Each structure stands twice: as structure tokens, then as C-alpha cells.
2 protein chains.
Amino acid sequence: MARTAGSDGEKTEAAIRAAALRLMARHGFEAVSMRQLAAEVGVQAAALYRYFPTKEDLLYTLMRAHMEGLIASWEAARPASGNAAAQLSAFVENHIRFHVARRHSTHVSNMELRSLSHERLTHILRLRGAYEKELRQILRSGADAGTFHIEDTALTAMAIIQMITGVIVWFRPGERLSVEEVADTYHTMTLRLVGAPA
Amino acid sequence: MARTAGSDGEKTEAAIRAAALRLMARHGFEAVSMRQLAAEVGVQAAALYRYFPTKEDLLYTLMRAHMEGLIASWEAARPASGNAAAQLSAFVENHIRFHVARRHSTHVSNMELRSLSHERLTHILRLRGAYEKELRQILRSGADAGTFHIEDTALTAMAIIQMITGVIVWFRPGERLSVEEVADTYHTMTLRLVGAPA
DNA sequence: GCCATAATTAAACGTACGTTCTATTAATTA
DNA sequence: TAATTAATAGAACGTACGTTTAATTATGGC
């Protein structure tokens with residue numbers, strides 16, 4: 001056999017991406033073979049190479065899409081003006097909503113950095129750094145205005161990011177709490193964490 | 001060649017453990033081959049099988065040691081009495097000190113759970129659950145006493161654990177901040193997070 | 001209906017993997 | 001010093017990996 005009836009490049013590529021995220025989130029990048037991925041898509045392994053030149057290219061594409069999506073999401077959600085507390089609330093809410101809606105992608109992006117080449121790792125880390133800088137700026141502006149009480153901006157930013165990213169480790173949609181409730185509680189905790197008045 | 005001059009089982013096993021933690025923390029469990037590990041130890045791959053029957057056994061041994069060490073460390077550090085705030089401070093400080101002192105072990109224990117068999121995964125998660133329960137009890141007692149203001153105990157416990165475990169992602173000893181300063185700042189942030197009075 | 005091209009299969013390549021087997025040497029005990 | 005045991009080396013086994021090559025079939029424009 002060769003080309004199959006109804007085959008379509010765009011659909012196949014999308015199916016590969018989705019299957020890769022699903023499998024890699026569960027088993028890890030190294031543990032997922034190209035044959036296993038192809039089987040999940042319903043295709044032969046060689047067909048994957050029409051869309052991604054190497055396995056690492058596939059990983060890099062997925063990670064870049066995740067980070068660029070996160071940054072774009074924040075740019076769309078960021079309040080045009082408003083005080084630091086409002087900006088921080090928007091940041092926390094956007095972060096949690098984005099990650100909960102993309103569990104697989106988040107797991108892959110957080111766990112598989114070490115499988116990237118140095119060059120590509122650097123690029124992904126640059127994107128991540130730009131995103132985290134947004135949070136540091138919010139914290140600094142709140143501290144300057146006297147709204148927040150912060151000992152160390154960089155350290156507090158890392159603490160907040162780790163706290164709110166960690167949601168996806170335990171959160172399961174459809175269980176005890178809804179995304180809204182979770183986001184709301186984290187938002188409250190974050191504001192207390194930075195010493196903002198209730 | 002066969003047995004080498006000065007070879008000693010205890011030393012070799014300790015060397016294997018240390019090398020495994022170092023390599024697996026950097027490259028991940030799946031990416032480290034038994035031959036690579038053996039080379040790091042200065043031994044042939046077959047020699048590893050005298051100490052660990054399979055690669056997964058090695059991982060399990062390392063993870064169990066990490067979790068049991070963490071629990072033992074907390075049991076030794078836990079204040080015999082004292083209010084919830086003091087207990088929480090001790091918990092945060094112990095957690096950060098323990099993990100910073102065991103960077104490699106922590107990375108492996110946090111990242112490689114999916115490489116364990118179901119049975120062994122369950123056992124490690126049980127240990128982790130027991131440890132986290134300690135924190136939830138502290139939070140609950142503080143909330144009951146009116147010292148803490150907590151919306152959701154389980155959620156707050158996860159948020160705190162993720163925040164303080166995340167230290168090892170960015171902390172590098174010998175740089176800008178000392179472990180003492182980091183632990184101190186996290187301790188302050190944690191108390192604010194649970195609404196404890198300054 | 002023909003032709004260019006897009007999409008895919010089937011088979012193969014070389015390599016590396018986890019693990020096992022057997023032989024060999026060092027240390028320990030008697 | 002002889003016998004026993006502990007610790008390792010070296011080679012091999014079967015399997016699975018990422019990737020490449022060549023052939024084959026479906027699709028869409030004329």
C-alpha cells in the first residue's frame with residue numbers, strides 16, 4: 001500500500017501533534033518510540049518524517065507552540081491599565097486557565113527540556129524568561145506603589161510561578177473543585193503571599 | 001580481567017547510587033544506559049547487576065531512600081510541641097534544607113515516577129502521601145486555633161509543597177542567596193500565604 | 001482521462017539497549 | 001598454603017530504536 005484513501009497532510013500533522021503530547025505527557029519523551037507514536041496515529045513510522053525531520057524537532061515544535069501560546073494568551077488577557085493587584089490577579093487566572101486547559105502540553109514543556117539540544121533549549125528558556133519577566137514587573141510595580149510587601153522580587157516570582165503551575169499536578173477537571181474555584185483560591189493565596197491588603 | 005585490586009562491594013554500590021543520581025538527574029532515567037552508568041562508576045555494565053537486579057530496581061531503591069530520608073528528617077526536626085506557626089516554620093525549613101542538600105535525588109524522585117511499575121509507584125506515592133498529611137494536619141490545627149485563615153486545606157497544602165519544592169529548580173548554592181536566606185524568605189511567604197499574623 | 005504531486009507503505013540499515021552467561025582474579029578463611 | 005567466596009570482566013543474545021530509501025497509491029487541476 002501507499003497513499004491511503006482520504007489522507008490529508010494537515011489532519012495527519014494535527015493528529016501527530018495531539019498523539020505526541022498525549023503519549024509524551026504520560027510516558028515521557030524518551031520512552032515514546034516513533035513506532036508507538038505512529039501506531040497511535042494509525043500510520044507507519046516513516047510517515048512521521050514527512051512532517052518532522054527528527055524526533056527532537058517534533059518535541060521542539062510542541063514546546064515552542066506551548067510557550068508562544070502562553071505568551072499570546074497573557075498578552076490578550078493583560079489589563080490595559082489597572083493597579084498591580086488587578087494585574088497580578090489577571091496573571092494568576094490566565095496562567096491557571098491556560099495550563100489546566102493544556103495538561104499534556106504543560107507536562108511535556110515542563111519535563112522534557114533536557115531532551116532539547118543546547119541551542120533549542122536556549123530558545124525555549126528565553127521565551128520562558130520573557131514570560132516570567134512580566135510577573136516580576138507586576139511585583140515590582142506593586143512594591144513601588146506600596147501595595148505589595150516583597151522581600152525579593154525574583155524569588156517571589158519563582159515561588160508564585162511554581163505554586164500556580166503545580167495546579168496541574170493534582171487538579172482533575174470534574175472532581176471536587178471547578179477551575180473557577182481553584183483559580184479563585186489561588187488568586188486569594190497569591191495576594192496574601194505578596195502582602196496585599198485583603 | 002576479573003576482580004580488580006581493591007574492589008569492595010559496599011564502595012561500589014555507593015558509587016553506583018551516587019553516579020545514578022547524578023546522571024539520571026541530568027539526563028533522565030530513560031536516557032541513561034546501564035553502560036553509561038557503569039562507565040561513570042569505572043566498571044563494566046554486568047557488574048551493576050550484582051547490586052541491582054534490574055534498572056528499575058535501581059530507580060526504586062533510590063526513590064525509596066529519598067522519601068524515607070525525607071520522612072525521617074521531618075520526624076527528627078518536628079517540634080515536640082508549639083503552635084501551628086512554629087510547626088509550619090519547621091516544616092518549611094526542613095523541607096527546603098533537605099531538598100537543597102539533595103538536588104539530584106530530588107530531581108529523580110520528582111521526575112521519574114512514571115518509570116516505576118504500578119506496584120512500586122503506589123508504594124512511593126503512599127510515602128509521599130504520608131508526608132503531605134503532616135502538612136495538612138499543621139494547617140488544620142492552625143485553622144482550628146484561629147491562627148491561620150485557610151480556604152481549602154488540601155489545596156493550600158499542595159500549593160505550599162509545590163512552592164517550597166520548586167526552590168531546587170532555580171536555587172544554586174554559592175550564588176546570590178544562601179540557604180538560610182532562601183529558607184527564611186520562603187518561611188515568611190508561607191506564613192503570609194496561610195494568613196498568619198506577622 | 002491524464003498527469004503532476006501529495007501522502008503513505010514496506011523493508012531495510014546500523015546502532016544501542018537491558019540483561020545473561022561464563023570465565024577469571026582478588027580477598028578471606030581455615 | 002590451600003580452599004572458598006566475593007567482585008568483576010568480556011562476550012554474547014535478542015530486541016527495539018531512530019531514521020532512510022524506494023516503491024506505490026490517492027488526489028486535484030487541466
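We name chains A, B, ... by the order of the sequence lines, and we start the count at 1 in each one. This is a predicted model, so every value here is computed, not measured.
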query = Taking only N and O in the side chain of B:Q44, is any of them less than 4.0 Å away from OP1 or OP2 of D:dG10?
reply = yes
query = Mapping B:E56 and A:A47 onto DNA chain C by nearest heavy atom, which one lands closer to the 5' end?
reply = A:A47
ask   = Are the aromatic ring centres of B:F98 and B:H66 under 6.0 angstrom apart?
value = yes
key: side-chain hydrogen bond (donor to acceptor under 3.5 Å, both in side chains) against A:E134, all qualifying residues, sequence neighbours excluded   = A:W74, A:R78
Less than 3.5 Å apart, which donor and acceptor atoms pair up between the side chains of residues 161-173 of chain B and the rest of the protein, not counting sequence neighbours?
from   : atom 1 : to     : atom 2 : distance (Å)
B:T165 : OG1    : B:H95  : NE2    : 2.8
B:T165 : OG1    : B:I161 : O      : 2.8
B:W170 : NE1    : B:Y186 : OH     : 3.4

task = Determine: side-chain N/O of B:Y51 to OP1/OP2 of D:dT8, distance under 4.0 Å, yes or no.
result = yes
request  = Could you note down all residue pairs passing salt bridge (charged side-chain N to carboxylate O under 4.0 Å, His left out) where residues 31-56 of chain A supplies at least one of them, sequence neighbours left out?
outcome  = A:R22-A:E40, A:E56-A:R120
query = Just to confirm, is there a sub-4.0 Å distance from OP1 or OP2 of C:dG18 to any side-chain nitrogen or oxygen of B:T54?
reply = no
note = Looking only at D:dA9, D:dT20, C:dA7, the nucleotide nearest the A:A46 side chain is D:dT20
note = Looking only at D:dT8, C:dG18, C:dA10, the nucleotide nearest the B:V43 side chain is D:dT8
Atom pairs and distances, side-chain donor-acceptor, residues 135-142 of chain B, under 3.5 Å, sequence neighbours left out:
from   : atom 1 : to     : atom 2 : distance (Å)
B:S141 : OG     : B:I138 : O      : 3.1

Sorted by number, the residues of residues 25-41 of chain A with heavy-atom contact under 4.0 Å to DNA chain D = A:V32, A:S33, A:M34, A:R35
request  = Mind grabbing the angle between the end helix axes of the helix from C:dG1-D:dC30 to C:dA30-D:dT1? Five pairs an end, 10° rounding.
outcome  = 20°
task = Identify the heavy atoms of B:I150 and B:T156 that sit nearest to each other, and give their distance.
result = CG2-OG1, 3.5 Å
inquiry  = Looking only at the side chain of A:A45 (C-beta and beyond, no hydrogens), which of the listed nucleotides C:dT19, D:dT19, D:dT21 gets closest?
reply    = D:dT19
query = Is the shortest side-chain N to carboxylate O distance from A:E30 to A:R114 below 4.0 Å?
reply = no
